[in-house]
Amino acid sequence: MACGLVASNLNLKPGECLRVRGEVAPDAKSFVLNLGKDDNNVCLHFNPRFNIHGDINIIVCNSKNSGAWGTEQRESVFPFQPGSVTEVCISFDQADMIIKLSDGYTFKFPNRLNLEVINYLAAEGDLKIKCVAFE
């Protein structure tokens with residue numbers, strides 16, 4: 001996957017929401033949103049997989065600490081459709097990353113890095129970013 005968008009110095013604080021809206025490619029296989037300190041320290045690797053790595057219509061979440069991946073968490077709720085516009089809102093607190101999907105489904109992923117501020121966002125894969133907003 002080629003890297004699409006990389007942003008640094010975001011200064012996202014607990015309770016604030018990072019909203020990403022984009023258009024899913026008609027032939028989408030997967031897309032990734034990584035949030036954290038930098039490329040080697042990712043508190044949330046958010047990876048909806050349409051059909052890749054043997055996974056079909058599942059969301060895989062993980063973290064990366066000093067370049068080492070943690071244990072995957074899999075969510076079977078999958079509101080994403082190829083060729084459609086979708087939105088993901090991500091916020092966090094000391095304990096958890098809170099992910100709200102466009103269908104209203106919300107789930108949590110542990111804030112394993114205990115980050116107090118998120119400064120890094122990288123998006124790649126089959127999602128054309130239309131809007132990134134901070135709320």
Side-chain angles (χ1 to χ4, degrees):
M1 272 187 264
C3 202
L5 168 81
V6 176
S8 56
N9 301 316
L10 298 178
N11 201 30
L12 186 70
K13 294 184 172 68
E16 296 177 338
C17 176
L18 172 67
R19 184 169 50 89
V20 177
R21 188 171 69 240
E23 187 177 323
V24 179
D27 59 349
K29 301 262 188 262
S30 157
F31 70 87
V32 172
L33 299 174
N34 285 332
L35 284 83
K37 181 179 174 186
D38 54 37
D39 185 46
N40 284 315
N41 297 281
V42 174
C43 59
L44 177 65
H45 169 79
F46 176 79
N47 180 206
R49 297 178 178 179
F50 295 84
N51 189 358
I52 194 169
H53 306 305
D55 292 321
I56 297 174
N57 294 348
I58 197 154
I59 299 170
V60 176
C61 294
N62 206 341
S63 60
K64 185 169 29 169
N65 193 350
S66 299
W69 288 106
T71 302
E72 290 182 348
Q73 174 178 311
R74 293 168 174 261
E75 295 290 326
S76 58
V77 171
F78 198 84
F80 307 103
Q81 296 294 323
S84 68
V85 173
T86 193
E87 188 171 284
V88 179
C89 291
I90 302 168
S91 59
F92 75 105
D93 58 30
Q94 197 64 35
D96 295 302
M97 308 297 299
I98 299 104
I99 301 100
K100 183 176 180 183
L101 305 178
S102 55
D103 67 346
Y105 180 74
T106 300
F107 68 94
K108 293 181 178 182
F109 180 78
N111 184 356
R112 295 175 181 163
L113 275 60
N114 297 311
L115 292 183
E116 295 179 9
V117 64
I118 291 175
N119 279 315
Y120 174 82
L121 165 67
E124 59 188 60
D126 301 322
L127 181 71
K128 183 177 181 181
I129 304 291
K130 297 289 189 181
C131 176
V132 176
F134 303 90
E135 301 168 349

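Note that this is a predicted model, so its numbers are computed, not measured.
Remark: side-chain polar atoms of Asn62 are paired, donor with acceptor, to backbone N or O of Gly70 under 3.5 angstrom. Here the side chain of Asp126 pairs a donor or acceptor atom with the backbone of Lys29 at under 3.5 angstrom. A side-chain donor-acceptor contact under 3.5 Å links Asp93 to the backbone of Asp96. No donor-acceptor pair closer than 3.5 Å links the side chain of Asn65 to the backbone N or O of Ala68. A donor-acceptor contact shorter than 3.5 Å links the side chain of Asn41 to the backbone of Ser66.
For the residue pair Cys43 and Ile118, the shortest heavy atom distance occurs at SG-CD1, 3.8 Å. Pairing each heavy atom of Arg19 with each of Cys89, the nearest pair is CG-SG, 3.5 Å. Considering all non-hydrogen atoms of both residues, Lys37 and Leu115 come closest at N-CD1, 3.8 Å.
Looking at Arg21 and Val85, their side chains come closer than 4.5 Å, going by heavy atoms from C-beta outward.
Side-chain contact, Lys13 with Asn11: a donor N or O sits under 3.5 Å from an acceptor N or O. The closest side-chain donor-acceptor pair between Ser30 and Asn47 falls under 3.5 angstrom.
Going from atom CD1 of Ile99 over to atom CD1 of Ile59 covers 8.5 Å, rounded to the nearest 0.5 Å. Here the CD-CZ distance, from Glu87 to Phe80, works out to 11.0 Å after rounding to the nearest 0.5 Å. Note: Thr106 OG1 to Ile98 CD1 = 9.0 Å, rounded to the nearest 0.5 Å. Rounding to the nearest 0.5 Å places NZ of Lys108 at 9.0 Å from OG of Ser91. Separation of atoms CZ (Phe134) and CD (Glu16) is listed at 9.0 Å; rounding is to 0.5 Å.
For Glu72, the side chain to side chain donor-acceptor pair (under 3.5 Å) test picks out Arg74, with sequence neighbours left out.
Under the 30°/60° scheme for interplanar angles, the aromatic rings of Phe107 and Phe46 are found to lie parallel.
Note: the hydrophobic cluster containing Val60 does not contain Phe31 (ILVMFWY, side chain heavy atoms under 4.5 Å, direct or indirect links).
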